[in-house]
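Side-chain atoms are counted along with the backbone in the values below, which use heavy atoms only and exclude waters and symmetry mates. In this chain, numbering begins with 1 at the start of the sequence shown. Given the structure is predicted, the values throughout are model-derived calculations rather than measurements.
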Amino acid sequence: MSVYEKLKALNIELPAVAAPAAAYVMYAQAGNTVFLSGHLAKKDGKVWVGQFGKNITTEEGKLAARAVAIDLLATLQAACGGDLTRVKRIVKLMSLVNSTGDFTEQHLVTNGASELIGELFGEQGKHARSAFGVAQIPMGACVEIELIAELA
């Protein structure tokens, strides 16, 4: 089953690619490697604000990270010239989780993105990953994730 068939089966429609919020581009390519800028979690079209350990749960965080993955896929599709079948491998995700000093489940929050990527891309979706707890993310977002992929 292709990535597009899997997206359809999961009832996922990729959104329009977001515009940069500052002095950067949404992706940059070097050779066959594409680097996607960090994408913020959104809920109902607005930045999903919250801090883990204070006012948002790990389960909500998994949903937020999954939402970020969907936005990342839209940007990745643009980087692939509109064709996600060009993705040879998802190389790495890096996740920033807005959390208090005593919150230690950043890795579980980030699973929301990793699990969706794995489900959509299978073996090619198995990736290296970092998940960091940070004191704040732009606009108060609860999660920010960036992605590196290899294209065919």
Side-chain angles (χ1 to χ4, degrees), residues 1-21 24-50 52 56-99 103-134 137-139 141-152:
M1 191 182 300
S2 78
V3 65
Y4 289 108
E5 292 168 328
K6 290 176 185 177
L7 284 167
K8 187 174 182 176
L10 292 170
N11 203 28
I12 296 173
E13 188 172 320
L14 297 181
V17 177
Y24 62 93
V25 294
M26 295 307 290
Y27 64 88
Q29 188 168 343
N32 290 336
T33 305
V34 64
F35 299 81
L36 275 58
S37 293
H39 286 50
L40 300 178
K42 293 181 183 167
K43 184 177 186 179
D44 301 324
K46 297 178 183 173
V47 173
W48 193 333
V49 175
F52 294 91
I56 189 168
T57 68
T58 300
E59 284 307 310
E60 289 172 310
K62 283 185 74 171
L63 294 174
R66 186 179 191 278
V68 175
I70 292 168
D71 286 345
L72 284 164
L73 288 169
T75 302
L76 182 57
Q77 179 174 254
C80 293
D83 184 8
L84 283 173
T85 63
R86 288 188 55 215
V87 174
K88 186 173 180 182
R89 170 124 201 205
I90 303 298
V91 178
K92 184 170 183 180
L93 293 182
M94 187 186 76
S95 175
L96 303 174
V97 179
N98 184 350
S99 43
F103 183 81
T104 60
E105 295 186 340
Q106 291 83 2
H107 61 297
L108 299 178
V109 169
T110 306
N111 279 348
S114 291
E115 290 168 359
L116 179 61
I117 296 291
E119 188 172 355
L120 292 172
F121 289 99
E123 282 298 311
Q124 292 97 336
K126 292 183 178 178
H127 54 273
R129 187 180 89 179
S130 300
F132 299 97
V134 296
I137 294 176
M139 295 180 265
C142 60
V143 179
E144 179 176 359
I145 303 174
E146 63 181 49
L147 181 145
I148 301 170
E150 180 185 9
L151 306 181

Worksheet entry | Rounded distance (nearest 0.5 Å) linking atom CG of L120 with atom OG of S2 | 10.0 Å
Discussion item. For K42, is the NZ atom crowded, meaning more than 12 foreign heavy atoms sit under 6.0 Å from it?
Written reply: no
Item to complete: Identify the two heavy atoms, one from G61 and one from V109, that lie closest to each other, and give their separation to 0.1 Å.
Response: O-CG1, 3.6 Å
List the atom pairs, donor and acceptor, that lie under 3.5 Å between side-chain atoms in residues 73-87 and the rest of the protein, sequence neighbours left out.
| from | atom 1 | to | atom 2 | distance (Å) |
| --- | --- | --- | --- | --- |
| T75 | OG1 | H39 | NE2 | 2.7 |
| T75 | OG1 | D71 | O | 3.4 |
| Q77 | OE1 | Y4 | OH | 2.7 |
| D83 | OD1 | T85 | N | 3.0 |
| D83 | OD1 | T85 | OG1 | 2.4 |
| D83 | OD2 | T85 | OG1 | 3.0 |
| R86 | NH1 | C80 | O | 3.1 |
| R86 | NH2 | A152 | O | 3.4 |

Worksheet item: Residues in side-chain hydrogen bond (donor to acceptor under 3.5 Å, both in side chains) with Q124, at least two apart?
Response: none
Worksheet entry | Considering all heavy atoms, the nearest F132-S130 contact | CE1-CB, 3.5 Å
Worksheet item: Would you call T33 and V91 a side-chain contact if the rule is heavy atoms closer than 4.5 Å?
Response: no
Worksheet, complete the sentence: Interatomic distance, CZ@R66 vs CD1@I117, rounded to 0.5 Å, equals 10.5 Å
Worksheet entry | Minimum-distance pair of heavy atoms, taken over all atoms of A21 and M139 | CB-CE, 4.4 Å
Item to complete: Hey, could you give me the CE/CG distance between M1 and L7, rounded to the nearest 0.5 Å?
Response: 11.0 Å
Worksheet item: Excluding sequence neighbours, so at least two apart, what forms side-chain hydrogen bond (donor to acceptor under 3.5 Å, both in side chains) with K8?
Response: none
Worksheet item: What is the minimum heavy-atom distance between L116 and A69, and which atoms define it?
Response: CD2-CB, 4.1 Å
Worksheet entry | Heavy-atom side-chain contact between V134 and V97 under 4.5 Å | no
Worksheet, complete the sentence: Nearest heavy-atom approach of L40 to P138 is CD1-O, 3.9 Å
Item to complete: Output every pair passing side chain to side chain donor-acceptor pair (under 3.5 Å) with a member in residues 103-114, not counting sequence neighbours, ordered by first then second residue.
Response: T58-E105, S95-T110, S99-Q106, N111-R129, S114-H127, S114-R129
Discussion item. Taking ring pair (Phe, Tyr, Trp, His ring centres under 6.0 Å) as the definition, give me every residue that meets it alongside F103, ordered by chain and number, with sequence neighbours left out.
Written reply: F52
Fill in: N98 (side chain) donor-acceptor with A141 (main chain) under 3.5 angstrom
yes
Practice prompt. Supply the atom-to-atom distance K88 NZ to N32 CG, rounded to the nearest 0.5 angstrom.
Written response: 7.5 Å
Worksheet item: With sequence neighbours left out, what residues match E144 under side-chain hydrogen bond (donor to acceptor under 3.5 Å, both in side chains)?
Response: none
Fill in: Inter-residue atom distance S37.OG - L72.CG, 0.5 Å rounding
9.5 Å
Worksheet item: Quick one: which of I137, I56, V47, L96 gives a side-chain contact (heavy atoms from CB on, under 4.5 Å) with C142?
Response: I56
Worksheet item: Roughly how far, to the nearest 0.5 Å, is the CE atom of M94 from the CD atom of E146?
Response: 3.5 Å
